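All values reported here derive from a predicted model rather than from experimental measurement. Proteins come first, then strands; the chains are lettered A, B, ... in the order of their sequence lines, and each starts at number 1.
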Amino acid sequence: IFTFNTLIDALCKAGRMTDAAQTLQLMVEKNVNPNVVTYSTMIDGYGKSGKGPEAMELYRKMREANVRPDRVTYNTLLDIYGKAGMLAEALNICQEMERAGWKTDVVTYNALIDAYGKQGNFRQAGKLFEDMKAVGLKPNVLTYSALIDSYSKAGRHKEAQAAFEDFKRAGLKPDVVLYSALIDAFGKNGMVDEALMVLREMMREGIQPNIVTYNSLIDAYGRVGQVDRALKTLETMKGVGISPNCVTYNTVIDAYGKEGRAEEARQLFKRMQDDGATPDAITFSALIDASGKSGDTPGAVRIFREMQDAGVKPNVVTFSAILSACSRCGTCEDAAILLSEMRNSDGHVY
RNA sequence: CGCGACGUCGACUAAA
């Protein structure tokens, strides 16, 4: 059973849910009964691949098979609902968990704090943080990262910083994620100097910035219009052996666009491909927006075509960007054509 | 009865 569980977990983590489901099937055929770990693993896998309904369906089957969910199962379900923004359902799971005789733990609170934070409800996130301490649970690094991120997303850099001080007073050791979250909190508020100070502190503590840390910094430069420094940071990361990824390029491309430098955005797009980074819908949307904002509607439409040729699926943001590009220059015909394409592409956009 | 073992939580990018 360990073998099967480990295999299923590996398949889930690789996003191969079909194979994972077949493995579960195979288990049953071999008369190995799936246990609570098997089910929890699969449920988590479905959740992580955006298949919430399948996750819940499997949860139902699990109980039909008389396998009792445990703390991990409940926390997994709670996190799936939380990530989907379904907080009422998440809280229901919490109650169900307690009714089944399980105590909520640090993971439960961390997942809830994260969920509220992502909704912009930093007050509730902060309240949960107090609650967990009140019931005698010790916040860990993940708790603080989620809390800091909650404040960051709500534009509350002061509270984010206060949480960080509190963290250090609690005698916990910050890691790269926590530092990056703080850097991002400052960056999102245009406080590049403070972000850089955090970077220096983390390096002084011997913690190496990773790709996300660099991406956050690049984003910070972009937000204050320092595209050239953003690009320089991209080069710096290459210099220390970190290959820029799709997010890195997207961030700089967007920064060029926001500065009205659409041509440089397109050049970077070429470099990105030479570098072996695969453009995604965000890349193209940023490029379309860059052309649109610089008044180049035909250019925006050309990029949209290029996107289709590349086989990248446009989404609502892509269409929104191209429509506003068209509306700026009054080419209603183009807009009408694109609108019909968006119906074809997705059946249910609007 | 105790203990151990596989599964759960945190940071970065696009339009309005």
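- A/N245 comes within 4.0 angstrom of no nucleic acid atom, judged by non-hydrogen atoms across all strands.
- Side chain of A/T297 to main chain of A/A325: a donor-acceptor pair is present (N/O by atom type, distance under 3.5 Å, no hydrogens or angles).
- Contact between the side-chain N/O atoms of A/K153 and the OP1/OP2 oxygens of B/C12 is found at a separation under 4.0 Å.
- Salt bridge annotation for A/D254-A/K258: present, with a cationic side-chain nitrogen under 4.0 angstrom from a carboxylate oxygen.
- Each of B/U13, B/A15, B/G7 was ranked by its minimum atom distance to the side chain of A/A321; first place goes to B/A15.
- With B/U13, B/A16, B/U8 as the choices, the nucleotide that has an atom nearest any side-chain atom of A/D79 turns out to be B/U8.
- Within 4.0 Å of A/T73, counting heavy atoms only, lies at least one base atom of the nucleic acid.
- The nearest whole Å value for the distance from the CZ atom in A/R223 to the C1' atom in B/C12 is 10 Å.
- Looking at A/R204 and A/E201, no side-chain N of the basic residue comes within less than 4.0 Å of a carboxylate O on the acidic one, giving no salt bridge.
- A/E235 has a carboxylate O that lies under 4.0 Å from a charged side-chain N of A/R271, or vice versa, which qualifies the two as a salt bridge.
- Closest approach to the A/D254 side chain among B/C12, B/G7, B/A15 is made by B/A15 (side chain taken as heavy atoms from C-beta onward).
- Side-chain N/O atoms of A/D280 and base N/O atoms of B/A14 include no donor-acceptor pair closer than 3.5 Å.
- Counting only heavy atoms from C-beta on, A/K48 has its side chain closest to B/U8 among B/G7, B/U8, B/G10.
- A/L178 comes within 4.0 angstrom of a base, heavy atoms only.
- Of the charged side-chain nitrogens involved, at least one lies within less than 4.0 Å of a carboxylate oxygen, so that A/R261 and A/E264 count as a salt-bridged pair.
- Here the side chain of A/K118 is nearest to one of B/G10, B/G7, B/A14, namely B/G10.
- Within the nucleic acid shown, A/S145 comes within 4.0 Å of at least one base atom, counting heavy atoms only.
- Straight-line distance from the CG atom of A/N75 to the C1' atom of B/U8: 6 Å, rounded to whole Å.
- Using a 4.0 Å heavy-atom criterion, one finds that A/S180 contacts the bases of the nucleic acid, with or without backbone contacts as well.
- With hydrogens and angles ignored, no donor-acceptor pair closer than 3.5 Å exists between the side chain of A/N215 and the base of B/A11.
- Within the nucleic acid shown, A/V141 comes within 4.0 Å of at least one base atom, counting heavy atoms only.
- For A/I282, whose side chain is taken as the heavy atoms from C-beta onward, the closest listed nucleotide among B/U13, B/G7, B/G10 is B/U13.
- Residue A/R123 holds its CZ atom at 8.5 Å from CD of A/E159, rounded to the nearest 0.5 Å.
- Counting to the nearest Å, the C1' atom of B/G4 and the CZ atom of A/F2 are 9 Å from each other.
- Rounding to whole angstrom units, CG of residue A/N5 and P of B/U8 are separated by 12 Å.
- B/A11 atom P lies 12 Å from atom CG of A/D175, rounded to whole Å.
- For A/V317, taking side-chain heavy atoms from C-beta onward, the closest of the listed nucleotides B/A15, B/U8, B/G10 is B/A15.
- If you take CD1 of A/I43 and C1' of B/C6, they are 15 Å apart, rounded to a whole angstrom.
- For the pair A/M307 CE and B/A14 P, the computed distance is 15 Å after rounding to whole Å.
- Using a distance-only test at 3.5 Å, with no hydrogens or angles considered, no donor-acceptor pair links the side chain of A/D275 to the main chain of A/A277.
- The nucleotide whose nearest atom lies closest to any side-chain atom of A/D44 is, among B/A11, B/U13, B/U8, B/U8.
- In terms of polar N and O atoms assigned as donor or acceptor, the side chain of A/S40 comes within less than 3.5 Å of the base of B/G7 in a complementary pairing.
- Following rounding to the nearest Å, A/K313 (NZ) and B/A14 (C1') show an atom-to-atom distance of 17 Å.
- Here the side chain of A/K13 is nearest to one of B/A16, B/G7, B/A11, namely B/G7.
- Side-chain N/O atoms of A/K258 include one lying less than 4.0 angstrom from OP1 or OP2 on B/A15.
- Interface remark: the A/N140 side chain does not form any donor-acceptor pair with the B/G10 base, using a distance-only criterion of under 3.5 Å.
- Residue A/K188 places at least one side-chain N or O under 4.0 Å from the OP1 or OP2 atom of B/U13.
- Ranking B/C12, B/C9, B/A14 by closeness to the A/D149 side chain, first place goes to B/C12.
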